[in-house]
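Whatever order the structure lists them in is the order used to number ligands and atoms, beginning at 1. We number each residue from 1, following the sequence as shown.
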Amino acid sequence: MALIQYLTRIQFEPGAIGLLPDELRLLGVSRPLIVTDRGIVAAGLLADVLAKGGLADDTAVFDETPENPTESAALAAVERFHAAGCDSIVALGGGSALDLGKAVALLATHPGPLEQYAVILGGLDRISADKPPVIAIPTTAGTGSEVGRAALLTLDDGRKLGFISPHMIPNVALCDPELTLGLPAYLTAATGMDAVTHCIETFLSPRYNPVADAIALDGLGRAMRWLEVATRDGGNKEARQEMMMAALQGGLTFQKGLGAVHSLSHPLGGLKALKLHHGTLNAVLLPAVLRFNAQGEGAADKFSRLKQAMGLEEKADLPQALADLSHRLGLPARLGEMGVTADCFAEVVQGAVNDHSTASNGRPIAADDFTRILHESL
Ligand SMILES: [Zn+2]
């Protein structure tokens with residue numbers, strides 16, 4: 001259906017996993033390590049990819065991706081990669097498996113410790129192109145990680161850090177909307193709200209990139225038209241395809257940088273005791289961050305362009321419209337409903353101030369603002 005070359009090579013079509021043998025051949029590799037998780041295996045998607053992707057039954061697999069990817073999981077997978085004599089990575093799953101696969105490719109050739117490659121610790125210059133190739137196959141429509149330059153990992157000491165470089169972008173993204181047909185309603189909604197948040201935050205980022213802006217607005221409009229349909233009617237192929245495209249579009253805009261929603265959802269997602277879902281966190285935080293951003297310079301014009309793209313009236317209240325959407329999707333409205341209490345706020349604010357997304361928020365933001373937003377969202 002579509003071969004798109006923008007940032008990387010993207011094959012987008014129902015049944016795209018059938019192109020896996022060709023794509024491996026084009027990359028000159030033949031022994032991939034499949035990085036995935038137990039849920040994907042249980043759902044039969046791994047078997048599907050092995051069969052339709054023309055891979056042998058004894059293909060090396062690492063299926064222990066945790067809910068939020070960790071340093072220790074990455075190290076365990078790298079060990080599997082070397083032990084099985086692998087020459088490439090096929091990352092199959094939601095954002096966690098894709099990010100873990102990208103980190104495994106990094107650590108396969110870059111000496112540890114992992115920490116030194118974190119972007120806020122000067123890692124950008126330490127990540128070279130000398131890495132095994134990665135083919136990313138998303139099984140959710142939200143993360144955009146299949147075309148993103150970042151992998152988010154929680155280090156053993158609890159910090160959730162971004163590992164970012166153009167060399168981290170997967171060599172190929174195989175986007176096959178049929179892989180999302182069995183995704184439960186709740187995950188469809190939560191991952192879909194991640195895509196919505198990517199489009200909104202990158203559009204509001206002050207960095208000049210009209211091309212990415214256009215993609216963000218188109219992706220946002222697409223998600224607004226199809227997210228509720230895909231959530232209500234998971235078997236609707238058109239809705240699944242349009243949501244996978246919206247998520248891809250969100251990922252194609254990451255080069256502008258995200259904003260304060262992600263600054264906060266990263267450290268919240270790193271809280272070990274709670275295991276909070278990234279997309280759900282974003283859906284909950286989005287209204288309060290937008291109310292903060294609304295007071296920024298030039299926000300009125302940008303907000304009206306967002307509303308236009310979403311099919312809302314000019315007089316509509318954008319933060320409220322997004323809160324209403326989350327409500328219709330059955331997502332929680334408050335952090336408290338997710339088990340978050342205010343005693344973690346000091347730690348979360350510290351993480352948010354240091355997060356790589358903070359610099360590109362639509363409006364300059366400081367620790368006090370983050371604290372207010374957290375209380376408003378509690
Ligand atoms: Zn996200």
#### Entry: Flag for S357-D355: side-chain donor and acceptor within less than 3.5 Å
yes
Ignoring hydrogens and angles, write down the donor-acceptor pairs under 3.5 Å from the side chains of residues 160-171, residues two or more places apart or on other chains.
unit_1: S165; atom_1: OG; unit_2: H167; atom_2: N; d: 2.8
unit_1: N171; atom_1: OD1; unit_2: V134; atom_2: N; d: 2.9

#### Entry: Plane angle bin for H198 and F254 - parallel if under 30°, tilted between 30 and 60°, otherwise perpendicular
perpendicular
### Message
Is it true that S360 and K256 share a donor-acceptor pair across their side chains at a distance under 3.5 Å?
### Response
no
### Query
Have N282 and H262 got a donor and an acceptor in their side chains that come within less than 3.5 Å?
yes
### Query
For F292, is the NZ or CZ atom of R363 found under 6.0 angstrom from the centre of its six-membered ring and inside 45 degrees of the ring axis?
yes
#### Entry: Sum of protein N, O or S atoms, each under 2.8 Å from the Zn ion (ligand 1)
4
